[in-house]
Amino acid sequence: MKIYRVLIGREKMLYAEVNGSFYRLDGGDAIDVLRKYASSKTLDLGRRVDENNVDLSRGIIDGGRITTPFDPFEVWGAGITYHIARKRYSEEDVARIRDKTIYELVYEAARPELFLKDTGRRCVGYMEPISVRSDSQWTLPEPELGVVLDGSGEVLGYTVVNDVTARDIESLNPLYLPQAKTFIGCCSFGPCIVTPDEVPDPHSLNIEMKIIREDDVVYEGRTSTSRMIKRIPILIEYLTRDNNIPDGTLLMTGTGLVPGSDITLIQGDIVDIVIGGIGRLVNPVVKL
Ligand code: DO4
Ligand code: MG
């Protein structure tokens with residue numbers, strides 16, 4: 001099952017996609033629906049939506065516009081979770097400790113990098129604008145598998161996330177990470193949440209990202225979640241260790257695509273991310 005949230009006038013309504021058909025869900029929020037579905041495997045489906053009123057490429061369901069599938073209470077990021085050429089982590093111009101870059105040290109360590117990205121206030125959904133900070137000259141999208149968790153760390157579903165990052169500010173000094181990671185429009189996710197029964201192996205999903213500028217593809221990359229070296233159970237174990245996360249926490253599982261310093265997002269770009277079996281997340285870029 002896939003859960004979408006749609007703006008109908010000023011109201012946000014939930015819809016479920018089951019076997020290719022769309023149904024309105026009456027009341028509740030996505031996390032309540034997902035918790036009920038996780039425990040009983042049942043769902044009260046409402047009215048079926050006429051298929052002529054669904055156009056996912058334009059983000060339209062039942063005549064309304066798809067937005068974020070829920071309001072996360074906390075969004076956490078994980079970093080350096082993918083197998084990427086070792087060179088990549090050692091050559092970046094970032095802080096060094098004991099002759100290694102801070103990225104290399106995390107790459108080798110058992111403990112993952114985890115950081116609090118947002119409380120959800122700065123997150124945007126499908127086709128809503130993500131941002132480049134006014135004081136950043138090098139900002140990159142990070143296409144990541146998102147995991148929606150309940151308060152005990154159980155997986156309620158999966159989504160597509162873009163962990164937009166001011167890479168120049170991140171590189172300057174590790175103590176600037178919160179400024180590199182958290183600002184207006186720093187995170188997009190959606191278009192839906194997919195329940196775990198539809199994702200038999202979250203470590204075998206293809207991820208593709210394009211940056212489109214005036215009809216040209218200026219960056220294209222692909223990877224797979226099979227290349228994760230710090231996998232989802234480990235990330236959840238560290239995230240919930242001595243830490244009481246709220247129901248409806250969104251965990252970004254790190255990026256496996258790291259475009260170089262020859263590309264940056266600029267005003268008017270479109271970032272298009274597809275994760276196989278989960279969905280397509282498209283966002284225009286604005287410069288603040
Ligand atoms: O500290 C760097 C951030 C890493 C990150 O966000 C990622 O690997 O996805
Ligand atoms: Mg990231």
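- Inter-residue side-chain proximity for D32 and K36 is flagged as unmet; no heavy-atom pair is nearer than 4.5 Å.
- Rounded to the nearest 0.5 Å, atoms CZ (R65) and CG (L7) are 5.0 Å apart.
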Worked check of side-chain contact (heavy atoms from CB on, under 4.5 Å) between T223 and E208: CA-CA 7 Å; T223 187; E208 288 174 28; over 6 Å; no
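- The hydrophobic clustering, which links ILVMFWY residues whose side-chain heavy atoms are closer than 4.5 Å, places L14 and L45 together.
- S152 is linked by a side chain to side chain contact (heavy atoms under 4.5 Å, CB included) to D150, E154, counting only residues two or more places apart in sequence or in another chain.
- Transitive grouping of hydrophobic side chains (ILVMFWY, heavy atoms separated by less than 4.5 Å) keeps F73 and V147 in distinct clusters.
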Go through it in stages, so that I can follow the logic: the residues are T67 and E128, the test is side-chain hydrogen bond (donor to acceptor under 3.5 Å, both in side chains), and I'd like the CA-CA distance, side-chain angles, deciding distance and then a yes or no. CA-CA 8 Å; T67 184; E128 294 168 351; 2.9 Å; yes
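- No side-chain heavy atom of E104 sits under 4.5 Å from any side-chain heavy atom of V94.
- L149 is listed as a side-chain neighbour of I245, based on a closest heavy-atom distance under 4.5 Å.
- One finds no salt bridge joining K230 and E237 here, because no Lys/Arg side-chain nitrogen approaches an Asp/Glu carboxylate oxygen to under 4.0 Å.
- Side-chain atoms of V54 and I60, non-hydrogen and from C-beta on, never get closer than 4.5 Å to each other.
- Scanning for salt bridge (Lys or Arg N to Asp or Glu O under 4.0 Å) contacts around E17 gives an empty result, with sequence neighbours left out.
- Look at D93 and R167 and you find no salt bridge, because none of the NZ, NE, NH1 or NH2 atoms lies under 4.0 Å from a carboxylate O.
- Residues K100 and E108 meet the side-chain proximity criterion, which asks for heavy atoms closer than 4.5 Å.
- Atom-to-atom distance recorded for L239:CG and N243:CG is 5.5 Å, nearest 0.5 angstrom.
- The local environment of CG in D44 is sparse, with at most 12 non-hydrogen atoms from other residues, nucleotides or ligands closer than 6.0 Å.
- In this structure, the side chains of I193 and K2 stay at 4.5 Å or more apart for every pair of heavy atoms.
- Looking at residues two or more places apart in sequence or on another chain, you find a side chain to side chain contact (heavy atoms under 4.5 Å, CB included) between A95 and I102, P174.
- Hydrophobic clustering of Ile, Leu, Val, Met, Phe, Trp and Tyr side chains at less than 4.5 Å, counting indirect connections, keeps L250 apart from I232.
- A side-chain N or O of S21 and one of R48 form a donor-acceptor pair less than 3.5 Å apart.
- In this view, E144 satisfies the salt bridge (Lys or Arg N to Asp or Glu O under 4.0 Å) rule with no residue, not counting sequence neighbours.
- Residues passing the side chain to side chain donor-acceptor pair (under 3.5 Å) test with N53, sequence neighbours excluded: none.
- Using a 4.5 Å heavy-atom threshold, the side chains of R213 and I266 count as touching.
- Atom CZ of R241 has more than 12 neighbouring heavy atoms from other residues, nucleotides or ligands inside a 6.0 Å radius.
- Considering only residues two or more places apart in sequence or on other chains, D197 meets the salt bridge (Lys or Arg N to Asp or Glu O under 4.0 Å) condition with none of them.
- In terms of the side chain to side chain donor-acceptor pair (under 3.5 Å) criterion, residue partners of S224 (sequence neighbours excluded) are, by chain and number, S226.
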Could you give the side-chain donor-acceptor pairs of residues 271-278 under 3.5 Å, partners two or more places apart or in another chain?
residue, atom, partner, partner atom, Å
D272, OD1, R280, NE, 3.0
D272, OD1, R280, NH2, 3.4
D272, OD2, R280, NE, 3.3
D272, OD2, R280, NH2, 3.1

After noting the C-alpha distance and the side-chain angles of R231 and L235, does the key distance pass the side-chain contact (heavy atoms from CB on, under 4.5 Å) rule? CA-CA 6 Å; R231 297 201 157 201; L235 300 178; over 6 Å; no
What do the steps show when you test L140 against T165 for side-chain contact (heavy atoms from CB on, under 4.5 Å), and what is the final call? CA-CA 5 Å; L140 289 177; T165 301; 5.7 Å; no
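- Of the options V161, L116, D118, T119, a side chain to side chain contact (heavy atoms under 4.5 Å, CB included) to V75 is made by D118 and by none of the others.
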Take D29 and K12 through the salt bridge (charged side-chain N to carboxylate O under 4.0 Å, His left out) test and state the conclusion after the steps. CA-CA 10 Å; D29 105 326; K12 291 178 180 172; over 6 Å; no
Could you walk me through whether T68 and R5 satisfy the side-chain hydrogen bond (donor to acceptor under 3.5 Å, both in side chains) test, starting with their C-alpha distance in whole Å, then the side-chain angles of each, then the deciding distance to 0.1 Å, before giving a yes or no? CA-CA 6 Å; T68 47; R5 196 165 62 158; 3.0 Å; yes
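- Within the structure, the salt bridge (Lys or Arg N to Asp or Glu O under 4.0 Å) test picks out the following pairs touching residues 175-184 (sequence neighbours left out): E142-K181, D163-K181.
- Taking the charged nitrogens against the carboxylate oxygens, R222 and E220 do have a contact shorter than 4.0 Å, which makes a salt bridge.
- Distance check: S136 OG to L288 CG gives 10.0 Å after rounding to the nearest 0.5 Å.
- Using a 4.5 Å cut-off on side-chain heavy atoms (C-beta onward), C192 and P69 make no contact.
- L145 contributes atom CG, which lies 11.5 Å from atom OG1 of T255 (distance to the nearest 0.5 angstrom).
- Atom-to-atom distance recorded for L43:CG and I3:CD1 is 6.0 Å, nearest 0.5 angstrom.
- A salt bridge links D62 with R47: the distance from a Lys NZ or Arg NE/NH1/NH2 to an Asp or Glu carboxylate oxygen falls below 4.0 Å.
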Step by step, work out the side-chain contact (heavy atoms from CB on, under 4.5 Å) result for T249 and V148. CA-CA 6 Å; T249 292; V148 182; over 6 Å; no
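- For the side chain to side chain contact (heavy atoms under 4.5 Å, CB included) test, residues two or more places apart in sequence or in another chain that qualify with Y126 are I66, P191, V282.
- Note on residues 186-241: pairs passing ring pair (Phe, Tyr, Trp, His ring centres under 6.0 Å), not counting sequence neighbours, are F70-F189.
- Hydrophobic cluster membership is shared by V164 and Y82, with clusters built from Ile, Leu, Val, Met, Phe, Trp and Tyr side chains linked at under 4.5 angstrom.
- Screening residues 10-31 for ring pair (Phe, Tyr, Trp, His ring centres under 6.0 Å), with sequence neighbours left out, gives Y4-F22.
- No single ILVMFWY cluster, assembled from side-chain heavy atoms under 4.5 Å apart, contains both W138 and Y176.
- A cation-pi arrangement is absent between K117 and F115, since the terminal nitrogen or guanidinium carbon is not both under 6.0 Å from the aromatic centre and inside a 45° cone about the axis.
- Rounded to the nearest 0.5 angstrom, M1 CE and N19 CG are separated by 11.5 Å.
- Checked by atom type and distance alone, the side chain of N162 never pairs as donor or acceptor with a backbone atom of P141 at under 3.5 Å.
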